[in-house]
Amino acid sequence: MTTTSSSTSSNEVGVDDLRYRIRHSAAHVLAQAVQDLFPGTALGIGPPIENGFYYDFAVETPFTPEDLKRIEKRMKEIIKQGQRFERRVTTPTEAKAELAKEPFKLELIDVLTNAAVKTSSEITTDMAADIGGEELTIYDNVDPRTGERKWGDLCRGPHVETTKEIPAFALTRIAAAYWRGNEKNPQLQRIYGTAWESQEKLDEYLHLLVEAEKRDHRKLGAELDLFSFPEEIGSGLAVFHPKGGVVRKLMEDYSRERHEQAGYEFVYSPHVAKSRLFETSGHLQWFADGMYPPMQLDIERDADGETKRPAQDYYLKPMNCPFHTLIFRAKGRSYRELPLRLFEFGTVYRYEKSGVVHGLTRARGFTQDDAHIFCTPEQMPAELDSLLTFVLDLLRDYGLSDFYLEISTRDPSKSMGTDQEWAQATAALQYAAEKQNLPLTLDEGGAAFYGPKISVQAKDALGRSWQLSTIQVDFQLPQRFDLEYQDSDGTRKRPIMIHRALFGSMERFFAVLLEHYAGAFPPWLAPVQVVAIPVSKEHTPYLEDIVGRLRTQGVRAEIDDGDDRMQKKIRNAQTRKVPFMLIAGEQDASAGRVSFRYRDGTQDNGIAIDDAVERVLDAIRTRTQV
RNA sequence: GCCGACGUGGCGCAACUGGUAGCGCACUCGACUUGUAAUCGAGCGGUUCGGGGUUCAAGUCCCCGCGUCGGCUCCA
């Protein structure tokens with residue numbers, strides 16, 4: 001599942017937390033089991049993580065699922081022994097002698113004991129969790145009866161007292177991971193596991209995984225006939241089918257309506273542009289890796305085949321901002337026009353590495369609900385403030401309600417502009433974010449190349465966090481494009497640009513909603529809102545009248561007049577996750593009434609037709625879930 | 001991009017250590033006409049992702065592409 005990790009999750013573990021100790025200890029048991037079963041396996045690192053733990057190993061042949069079962073069995077034996085975790089302080093020299101056969105541990109000792117390196121970003125959080133500390137310590141696993149040392153690992157702890165205090169765990173998957181997270185380093189084999197303070201908690205977590213799999217938007221997308229990724233088009237490039245098209249159109253329509261009310265103006269821009277544009281914007285310098293290679297057009301040759309006029313490079317656009325700056329620049333601008341808010345559902349293309357493409361949440365072509373706000377420095381704080389409120393309100397209308405904010409700051413190695421500009425922009429964002437009274441976290445060095453950002457993270461029905469909206473302050477593009485407006489005193493000034501996308505991308509937001517609702521969209525978004533089911537054929541005309549009434553009111557209502565039995569029709573509507581089933585047989589028809597069945601199986605029988613129609617319309621109008 | 005797994009009719013799966021493909025759902029047709037999750041019967045549908053190779057014989061083995069999945073790195 002593609003979620004950003006959440007630091008406010010209830011699963012978060014602090015160093016002293018019981019779960020942290022259980023998971024860290026489980027990682028040690030895992031490593032001991034692996035070294036028992038596969039002698040000579042060198043160890044990487046094995047920290048606790050959200051919901052579990054992992055350990056990296058250097059092995060000749062990757063682990064198989066069968067190996068995993070054996071390892072799990074061995075771990076259970078170790079846990080049963082009740083080995084004690086014993087802390088032992090050591091020195092670099094001693095530790096190196098002891099761990100002479102562990103090349104990766106030797107490297108860690110060097111990194112840890114080298115003060116110059118220690119303060120740098122060389123040490124990742126996971127590494128620090130695993131081995132970092134003021135002094136070097138080794139944790140030994142000791143047989144409680146004989147006192148014999150069974151195993152040990154360079155580690156700062158803390159751990160549980162004995163392995164018996166690992167009440168419930170499971171190994172979940174095998175994967176490869178680069179040593180120290182750097183793709184230039186060798187790849188190790190990583191085993192992931194999950195561990196909890198009780199069997200119930202473990203079962204709960206495993207159930208959550210099953211639930212998440214059922215809700216997987218890629219699966220639901222096929223089942224509900226919403227979208228697909230035809231191989232012929234290319235990896236990461238989706239087509240929306242009619243049913244998915246309805247949902248997407250409704251999402252866009254409502255968004256448009258709200259943007260109109262909030263003072264945005266709609267613009268359109270093409271999908272390709274000459275290299276010059278992206279040179280000016282800085283994309284070719286800073287974002288080229290994420291762009292499709294150029295198309296070379298308009299080359300002219302003479303009779304000998306010699307080039308008379310060189311080719312022009314055209315690029316697919318990876319972002320909409322350069323185009324919007326050109327709209328701003330298309331004429332002289334006055335302070336009276338500011339803030340100028342330009343909105344576009346802009347489709348962009350990014351050359352994602354083949355291994356990262358993931359359904360609609362990580363596509364190579366996607367449509368941003370993108371806007372760029374050009375304003376004066378004085379207007380910026382108020383604009384950011386109202387913008388954040390607007391964002392959160394709109395997301396709530398789509399059924400999300402659990403948010404936290406994240407501020408991403410500059411990565412000096414991947415950005416342009418001056419420190420002062422970045423500081424000013426970051427401060428403005430910080431101020432706006434704090435006013436919202438939502439949890440706020442810091443993502444150091446996570447900003448785009450042109451400016452810092454606030455992102456709105458939303459949690460879905462399963463408690464998973466998704467990065468949705470981003471709001472970025474940008475001093476750079478106005479400079480690079482030499483944007484100006486004339487102020488009231490007649491002088492020319494440079495506007496500030498705010499980039500913002502609420503849904504991030506329509507495709508990703510579609511996927512988030514699909515998973516959030518497990519395919520059971522609220523009536524206002526449901527592709528089919530009502531299915532009418534006659535008990536027998538003779539009641540079809542009766543229901544046709546009602547369906548006709550609903551349709552004239554704009555309701556997406558159908559009648560199932562096929563040859564199936566009623567029970568089958570109910571099952572079909574249920575599988576399609578239609579919010580309202582309207583059923584009528586002799587009883588209802590003779591009384592001018594109709595019966596409801598909902599997706600959860602509840603029914604509400606004998607409702608007067610007027611009331612039934614109003615009930616449907618009301619749910620749609622108020623965007624409530626049924 | 002890297003490591004590993006995988007790729008069989010629209011979908012979900014089956015086919016022993018190589019002997020030219022079966023099932024369920026969906027779809028089409030026919031019969032049945034039934035108050036809250038699957039009526040019965042018949043039929044249509046696959047050059048087993050693409051291209052090469054090994055073999056008397058390849059869905060099964062080998063190579064190269066393309067794509068998917070789980071991670072790593074990266075990211076909306």
Side-chain angles (χ1 to χ4, degrees), chain A residues 1-2 4 54 56 59 61-65 172-192 213 216 218-219 222-223 225 228-237 287 289-290 318-319 348 350-364 366-370 408 414 446 448 453 455 466-470 499 501-509 511-512 533-540 562-575 581-589 595-599 601-606:
Chain A
M1 78 192 150
T2 302
T4 53
Y54 67 80
D56 289 341
V59 281
T61 45
F63 298 113
T64 65
T172 48
R173 51 177 55 112
I174 310 161
Y178 297 106
W179 169 238
R180 296 174 67 187
N182 187 329
E183 59 187 322
K184 292 188 181 69
N185 287 342
Q187 278 200 332
L188 306 177
Q189 288 298 311
R190 175 172 296 181
I191 296 179
Y192 281 96
E213 201 181 319
D216 190 314
R218 294 165 299 184
K219 198 177 157 186
E223 280 172 11
D225 194 18
S228 62
F229 292 88
E231 222 179 276
E232 293 83 343
I233 299 178
S235 178
L237 299 166
F287 201 74
D289 284 353
M319 294 188 194
V348 298
R350 297 189 187 171
Y351 185 72
E352 299 290 353
K353 288 192 273 185
S354 62
V356 307
V357 169
H358 183 95
L360 291 178
T361 59
R362 195 74 186 273
R364 280 181 169 170
F366 57 94
T367 302
Q368 296 181 306
D369 60 328
D370 207 1
S408 299
K414 282 194 277 184
K453 74 176 174 198
S455 54
W466 302 86
Q467 186 188 110
L468 297 176
S469 322
T470 56
H499 306 238
L502 300 201
F503 301 146
S505 88
M506 297 312 292
E507 287 79 359
R508 163 184 274 192
F509 192 59
V512 171
I533 298 172
V535 169
S536 77
K537 217 153 210 158
E538 57 203 273
H539 310 112
T540 304
D563 286 336
D564 291 323
R565 324 183 106 192
M566 179 197 60
Q567 285 85 341
K568 182 61 184 291
K569 293 179 180 179
I570 288 171
R571 181 185 149 80
N572 285 342
Q574 191 92 33
T575 317
M581 283 175 238
L582 279 186
I583 299 169
E586 195 45 44
Q587 224 174 46
D588 278 322
S595 294
F596 278 98
R597 181 191 161 98
Y598 292 95
R599 288 177 290 210
T602 58
Q603 17 180 321
D604 202 354
N605 298 333

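Just so we're on the same page: letters track the sequence lines, and every chain starts at 1.
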Spacing of the C1' atoms in G19(B) and C13(B) (rounded, Å): 23 Å
Scanning all shown strands, the Watson-Crick or wobble mate of C29(B) with both distances under 3.5 Å is G41(B)
For a quick check, tell me whether the side chain of Tyr178(A) and the base of C3(B) share a donor-acceptor pair closer than 3.5 Å. no
If we take the C1' atom in both U48(B) and C6(B), what is their distance in whole Å? 14 Å
Is Tyr351(A) touching bases, backbone alone, or none of the nucleic acid, heavy atoms closer than 4.0 Å? sugar-phosphate
Can you check whether Arg180(A) reaches Pro186(A) side chain to side chain, under 4.5 Å on heavy atoms? no
Holding to ring pair (Phe, Tyr, Trp, His ring centres under 6.0 Å), I want the full list of residues that pass it with Phe503(A), two or more places apart in sequence or in another chain. Tyr398(A), Phe509(A)
I want to check something: taking the side chain as every heavy atom from C-beta on, are Val348(A) and Phe366(A) in contact at a cut-off of under 4.5 Å? yes
Scan every strand shown for a Watson-Crick or G-U wobble partner of U34(B), both distances under 3.5 Å, and answer none if you come up empty. none
For C62(B) and G22(B), measure between their P atoms and round to the nearest Å. 25 Å
Whether Tyr192(A) contacts C72(B) is assessed here as follows: a side-chain N or O lying under 4.0 Å from the phosphate OP1 or OP2. Is that the case? yes
Sorted by chain and residue number, the salt bridge (charged side-chain N to carboxylate O under 4.0 Å, His left out) partners of Asp216(A) (sequence neighbours excluded) come out as Arg218(A)
What's touching nucleotides 9-14 of chain B from the protein side, N or O pairs under 3.5 Å?
none

Using the P atoms only, state how far C61(B) lies from G7(B), rounded to an integer number of Å. 9 Å
Side chain to side chain, Ile583(A) and Ile570(A), heavy atoms closer than 4.5 Å: yes
Per nearest nucleotide of RNA chain B, the residue lying toward the 5' end, Arg599(A) or Phe287(A), is Arg599(A)
Both distances below 3.5 Å, Watson-Crick or wobble geometry, any strand: find the nucleotide opposite G59(B). none
For C23(B), the Watson-Crick or wobble partner whose two distances fall under 3.5 Å: G12(B)
Just the atom pairs and distances: protein N or O near nucleotides 30-34 of chain B's N or O, under 3.5 Å.
residue : atom : partner   : partner atom : Å
U34(B)  : O2   : Arg565(A) : NH2          : 2.7
U34(B)  : N3   : Arg565(A) : NE           : 3.3
U34(B)  : N3   : Arg565(A) : NH2          : 3.0

Quick one: label Glu507(A) by what it contacts on the DNA or RNA (base, sugar-phosphate, nothing), any heavy atom closer than 4.0 Å. nothing
Could a donor-acceptor pair under 3.5 angstrom be found where the side chain of Gln574(A) meets the base of A38(B)? no
Expected rows: protein N/O vs nucleotides 44-52 of chain B N/O, under 3.5 Å:
none

Lys537(A) bridged to Asp563(A) by N-O distance under 4.0 Å: yes
Using a 4.0 Å heavy-atom cut-off across all strands, classify Thr575(A) as base, sugar-phosphate, or nothing. nothing
Pairing partner (Watson-Crick or G-U wobble, both distances under 3.5 angstrom) of C2(B): G71(B)
By ring pair (Phe, Tyr, Trp, His ring centres under 6.0 Å), Tyr351(A) pairs with (sequence neighbours left out) Tyr292(A)
Does the base of C75(B) carry an N or O that pairs as donor and acceptor with the side chain of Glu352(A) under 3.5 Å? no
Ranking Phe596(A) and Lys414(A) by the position along RNA chain B of their nearest nucleotide, the one closer to 5' is Phe596(A)
Residue Ala175(A), side-chain heavy atoms: nucleotide from A76(B), G71(B), U36(B) that is nearest: G71(B)
My understanding is that only residues two or more places apart in sequence, or in another chain, count here; which of them pass ring pair (Phe, Tyr, Trp, His ring centres under 6.0 Å) with Tyr178(A)? none
Donor-acceptor contact below 3.5 Å, side chain Asp369(A) vs main chain Ala501(A): no
Verify the contact: side-chain N or O of Arg173(A) to OP1 or OP2 of G70(B), cut-off strictly under 4.0 Å; return yes or no. no
Taking atom C1' in both G53(B) and G46(B), compute the distance separating them and give it to the nearest angstrom. 24 Å
When you compare G1(B) with A38(B), how far apart are their P atoms, in angstrom units rounded to a whole number? 48 Å
I'd like to check His499(A) versus Lys453(A) (side-chain heavy atoms, cut-off strictly below 4.5 Å). Are they in contact? no
Please give, in whole Å, the distance from C2(B) P to Asn182(A) CG? 16 Å
Phosphate OP1/OP2 of A76(B): any Thr470(A) side-chain N/O under 4.0 Å: no
Would you say a side-chain N or O of Ser235(A) is under 4.0 Å from OP1 or OP2 of U68(B)? yes
Heavy atoms only, 4.0 Å cut-off, all strands: where does Gly606(A) land among base, sugar-phosphate and nothing? nothing
Residue Ala363(A), side-chain atoms from C-beta onward, closest of G1(B), A76(B), G67(B): A76(B)
Using salt bridge (charged side-chain N to carboxylate O under 4.0 Å, His left out) as the criterion, list what pairs up with Asp56(A), not counting sequence neighbours. Arg190(A)
Distance test, side-chain N/O of Arg190(A) to OP1/OP2 of G70(B), below 4.0 Å: no
Write down the distance separating the C1' atoms in G59(B) and G50(B), rounded off to the nearest Å. 15 Å
I'd like to check Glu586(A) versus Ser536(A) (side-chain heavy atoms, cut-off strictly below 4.5 Å). Are they in contact? no
Does OP1 or OP2 of G71(B) have a side-chain N or O of Tyr54(A) closer than 4.0 Å? no
If we take the C1' atom in both U20(B) and U39(B), what is their distance in whole Å? 38 Å
Counting side-chain heavy atoms from C-beta on, which of G35(B), A76(B), U36(B) comes nearest to Asn605(A)? U36(B)
At under 4.0 Å, does any side-chain N or O of Lys184(A) touch on OP1 or OP2 of C72(B)? no
Could you tell me the separation between the CD atom of Gln587(A) and the C1' atom of G35(B), rounded to a whole number of Å? 7 Å
By side chain to side chain contact (heavy atoms under 4.5 Å, CB included), Glu223(A) pairs with (sequence neighbours left out) Lys219(A), Leu220(A)
Contact class for Asn572(A) (heavy atom, under 4.0 Å): base, sugar-phosphate, or nothing? nothing
Within the structure, does a side-chain N or O atom of Arg364(A) lie under 4.0 Å from either OP1 or OP2 of C74(B)? no
For A76(B), does either OP1 or OP2 sit under 4.0 Å from a side-chain N or O belonging to Lys453(A)? yes
According to salt bridge (charged side-chain N to carboxylate O under 4.0 Å, His left out), who are the partners of Asp289(A), at least two apart in sequence or on a separate chain? none
Can you list the residues that meet the side chain to side chain contact (heavy atoms under 4.5 Å, CB included) rule with Thr172(A), with sequence neighbours excluded? Tyr192(A), Thr194(A)
Holding to salt bridge (charged side-chain N to carboxylate O under 4.0 Å, His left out), I want the full list of residues that pass it with Asp604(A), two or more places apart in sequence or in another chain. Arg615(A)
At 4.0 Å (heavy atoms only), tell me whether Gly585(A) reaches a base, stays on the sugar-phosphate, or touches nothing. base
